[in-house]
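Heads up, the thing below is written out as structure tokens.
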Amino acid sequence: MRSLLSDLILQRLTELSDARPGTLNKRVYQALQQAIFDGSIAPGSRLPASRDLAKELDISRNTVLAAYEQLQAEGYIQTRTGSGTFVPADLPKDGVIADKTPLRCAPVRSHVSLSKRGSQLLTRTGVASHQWGAFMPGVPDVTKFPHDIWRKLQNRLSRRLPPEFLTYSRHGGCPQLQHALADYLRIARSVDCTADQILITAGTHQALDLLAKMLCDPGDVAWIEEPSYWGIRNVLTINGVDIQPVPVDENGLNPPDSPPQDRAPKLICVTPSHHYPLGSVMSLARRQKILAIASQQGSWVVEDDYDSEFRYSGSPIPALQGLSSDAPVIYIGTFSKTLYPAMRISYVVLPRPLASRLKIAHSELYRAGNGLTQLTLAEFIREGHYAAHIRRMRLLYGRRRNALIRLIGQELGPEFLCENSNAGLHLILSLPDSIDDVALSAELEQKKILTRPLSAYYLRPAPRRGLLLGYGCVPEEEIETAFRHIVECLRHRLQAGGAIPGADNRVLALQGDLPDPA
Ligand SMILES: Cc1ncc(COP(=O)(O)O)c(C=O)c1O
């Protein structure tokens, strides 16, 4: 004779096999769970021994044991040695529901409230939903990455990889990469450093987040460039830092001659080798002025040297960090532009008094890893592949940049080209004040042309309009077609506003100045 419980379980098993096919183990578990949920097996009840239930249900004992084990692990039943298996008497009443559906939670409200910080972050986001295609600024041509060389290096290194490279990273990152970077930065960027000052981070944002957390208290002031990269603005703000925009001119950040003593900045964030997004290079006089202010006021200068490897004429601009020994400069570089952004490897050169504490804080906050990638990258640099890749890419980007400049000249006129454009991965299409660059950029996005409106980089009302056009990730043969979409949308807007650019017979003074890189 079967017990009432066996009958119930059998009935549930049949229902379950129709509704939710699954393994028998799972269905027996679900049938018992439901019976406990809906009170068919009351709190405090004793369950039959596994052997007996298996016999009554005509299934294997292991199946019943597996179901019991799972229910026990989840707290639905308890086994008391010598007494048997029970449903706990104190199983909460509100955990037992009357109908036969599994436990239901109240639906998550559609208007969940975020923290003030979180809401503030979302009011002014900068990140684009697409990160590839004409004319996405700041994105390199990731399709040219030499995977074959990388793979060979990685295979070789992974054959005898010490365990330290697969566990959590030691403070600061892979020592081989720290050494390779110190050598590279001294030679290529005139950075004054040794390997022990280098901290490897997962991108510039992480580096900035660490600096904000470790060097600023909520309410502390940071000067940022106006206009500036949205990432700096947002990472500092979410850490409670009071960001103050300082105007940029053709010589870079132009700080006040006598900054207020009571609101001295903790951080002065600059892009001296290539201002983002306008492109100016910080003059020597400005560099000296900023270092003097920082020394007087006890500020840290944060130098974001994000893309200075790509300069298409003249010599590379040395880093601000190397201008004076013991300068209060924290230098940040990244492989996002020279290799590919998804690698998420960047680095910080820390002044010696900060180095060991910030490395520990970095491990504490982010639990770094990526050892094999970092080791491979160190070897990639040491064997000269990094320098060779940069050389190749500089030529390629130089050609793309020239092609875009020619088109702007031919189609619109030289006044549409922002003056400081001989470096980096983007240039700025200057627009008349009558053009709403945010609306134009949004319209272009509908046509799958990615641009960024210049005015969005300003914290205060923007004094000028423009579009950032990245040429890094657009093959030369696609530049013209993509650019024509911009011209078409812009012409409509100019016509609507009463100004029609007399494109065809304009310009080309610029063209003569632009020999294609050899
Ligand atoms: C000025 C500037 N700094 C830093 C970064 C971000 O670098 P990372 O990819 O290392 O976070 C960007 C990315 O576009 C940038 O434009």
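Every number for a ligand or one of its atoms is a count from 1 in the order of the listing. All heavy atoms count here, side chains included; hydrogens, waters and symmetry mates do not. Model, not experiment: these values are computed from the prediction.
No donor-acceptor contact under 3.5 angstrom links the side chains of Thr237 and Gln120, judged on distance only. For the residue pair Arg352 / Thr194, a side-chain donor-acceptor distance below 3.5 Å is found, with atom types taken as modelled. For the 3.5 Å distance criterion, the side chains of Gln206 and His362 qualify, holding a donor opposite an acceptor. Residues Tyr306 and Thr271 have side chains that never bring a donor and an acceptor to within less than 3.5 angstrom of each other. For the residue pair Ser313/Asn422, the side-chain donor-acceptor check at 3.5 Å is satisfied.
Of the listed residues (Asp242, Asp217, Asp220), just one forms a side chain to side chain donor-acceptor pair (under 3.5 Å) with Lys266, and that residue is Asp220.
Within 4.0 Å of ligand 1, heavy atoms belong to protein residues Gly203, Thr204, His205, Tyr229, Tyr276, Asp304, Tyr306, Thr334, Ser336, Lys337, Arg344.
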